[in-house]
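Here is how names work: the chains are called A, B, and so on, in the same order as the sequence lines, proteins then strands, and each is numbered from 1.
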Amino acid sequence: MKTEELKYKLSMELEPKAPYNFDANFHKPSHFPSSDNIWRKGKYWITMVWKGRYLGLKFEDKKNKIKIDVYSKKSLPKEFIKDLTPELRYRFNFDQDISNFYNQLKNEKPLGPIIRKWEGMKPIAANSLYETLIIYIVLQNATVRRSNQMLENLFNKFGKKVKFDNKTLSTFWEPEIMEKSSEEGLRELKVGYRAKTLINLTKQFVNKDIDEFKLRKLSREEIKKDILKLYGIGPASVEYLLFEDFYFLDALEIIPPWEQKIFSMLLFNKKLVPAKKILNFFKRYKPYEKLAVHYIWEDLFWKRKHEHIEWLEKEIRL
DNA sequence: CATCAGGGCCCTG
DNA sequence: CAGGGCCCTGAT
């Protein structure tokens with residue numbers, strides 16, 4: 001595949017609402033790595049497909065501000081940037097105020113120290129709704145290695161490779177591109193029965209059955225209802241989506257089996273406790289149940305970077 | 001070699 | 001509302 005050089009660069013500085021934890025927001029160690037982004041301490045590169053253009057973004061931590069370089073193939077019109085800026089603020093959650101969470105729970109027993117350690121950590125969407133749903137579909141009923149392989153196969157078939165700031169990264173694609181593909185064509189990419197799901201879901205986006213920007217203005221229950229209409233998206237995916245893409249911090253309703261095992265060990269030091277018991281544990285953090293889960297979860301995976309946690313390694317099936 | 005489950009969801013009865 | 005089937009892969 002031909003690599004596209006993104007030669008034009010435009011820089012800006014934006015100020016996220018403090019406290020904003022750059023590294024804990026741009027990098028989520030529990031997520032599996034993918035070739036559309038790279039994180040290094042204080043720096044982050046990711047590709048973005050926005051209004052028909054393939055962009056490279058570089059973010060740099062400048063204390064209270066974040067420097068953003070937008071790379072593109074051709075120079076970008078003013079209007080384009082004017083439009084892109086609020087989208088970046090949304091995707092990287094620059095404006096959500098979570099100070100009440102900190103104030104309410106900074107001295108709570110198991111959670112306090114973790115909150116103080118990761119102050120300013122928030123959910124981050126990073127991708128468009130369509131892209132996020134693609135990721136969720138490859139996650140379903142698969143181990144991490146296979147999810148990763150499926151996503152890379154999709155990148156290679158439908159996305160591009162772009163080079164900017166000496167990094168070559170994959171991009172996602174617009175739904176119109178995948179729509180032209182057939183179910184059989186997708187099966188060659190080893191996505192298995194998800195081929196049908198990907199096609200159906202993509203068609204729903206091409207037909208504009210769903211509008212991510214309208215959804216952002218709706219209530220949790222309204223979003224849930226609309227998203228569940230999408231083919232291949234069920235309760236487990238919605239549960240993740242409400243937090244990761246729409247930033248609802250409360251209403252924890254589902255603990256997937258994999259998380260159940262890990263929280264059983266982490267919170268109760270037992271092999272497997274009922275999901276109900278774990279859900280009950282998190283009720284004490286109302287109305288920040290999901291954010292509390294996020295802090296405990298990511299803290300564990302940050303630890304894993306430099307510490308071998310035997311029981312955890314067994315649960316992370318590659 | 002066979003069998004099974006893995007960060008679910010759809011469809012059927 | 002419960003349960004079978006689904007692609008593919010690696011573990012057992």
Item to complete: Please state how far atom CD1 in A/I262 lies from atom C1' in B/dG6, giving the value in whole angstrom units.
Response: 13 Å

Worksheet entry | Exercise: identify the closest heavy-atom pair between A/Y90 and A/F246 | OH-CA, 3.6 Å

Any N/O pairs under 3.5 Å between the protein and nucleotides 10-13 of chain B? List them or say none.
{"residue": "B/dC10", "atom": "OP1", "partner": "A/G232", "partner atom": "N", "Å": "2.8"}
{"residue": "B/dC10", "atom": "O3'", "partner": "A/Y231", "partner atom": "OH", "Å": "3.4"}

Discussion item. In this structure, how many angstroms lie between the C1' atom of C/dC6 and the CG atom of A/L198, rounded?
Written reply: 14 Å

Worksheet entry | Under 3.5 Å donor-acceptor, A/T171 side chain and A/K160 backbone | yes

Worksheet item: Does any pair with a residue in residues 188-238 of chain A pass ring-ring contact (aromatic ring centres under 6.0 Å, His included), and if so which ones, sequence neighbours excluded?
Response: A/Y130-A/F205

Fill in: Closest heavy-atom pair and its distance - A/N141, A/R194
O-NH2, 3.2 Å

Worksheet item: Applying a 3.5 Å limit to both distances, which nucleotide forms a Watson-Crick or G-U wobble pair with B/dG7?
Response: none

Between the protein and nucleotides 8-10 of chain C, list every N/O to N/O distance that falls short of 3.5 Å.
{"residue": "C/dC8", "atom": "O4'", "partner": "A/R146", "partner atom": "NH2", "Å": "3.4"}
{"residue": "C/dC8", "atom": "O2", "partner": "A/R146", "partner atom": "NE", "Å": "3.0"}

Discussion item. By the 4.0 Å heavy-atom rule, please label A/S237 as base, sugar-phosphate, or nothing.
Written reply: sugar-phosphate

Worksheet item: Atom OH of A/Y193 to atom C1' of B/dA5: distance rounded to whole Å?
Response: 11 Å

Practice prompt. For C/dG4 versus B/dC4, give the span between their P atoms, rounded off to a whole number of Å.
Written response: 13 Å

Worksheet item: Can any side-chain N or O of A/R116 pair as donor or acceptor with the backbone N or O of A/K106 at less than 3.5 Å?
Response: yes

Worksheet item: A/L249 and A/P123: which non-hydrogen atoms are nearest, and at how many Å?
Response: CD2-CG, 4.0 Å

Worksheet item: Taking A/W45 as the fixed residue, which of A/D69, A/D165, A/D36 is the one that meets the side-chain hydrogen bond (donor to acceptor under 3.5 Å, both in side chains) rule?
Response: A/D165

Worksheet item: Are A/N207 and A/Q204 linked by a side-chain donor-acceptor pair shorter than 3.5 Å?
Response: no

Worksheet item: What integer number of Å spans the P atoms of B/dT12 and C/dC7?
Response: 14 Å

Discussion item. Classify A/K314 by what it touches in the nucleic acid, base, sugar-phosphate, or nothing, heavy-atom distance under 4.0 Å.
Written reply: nothing

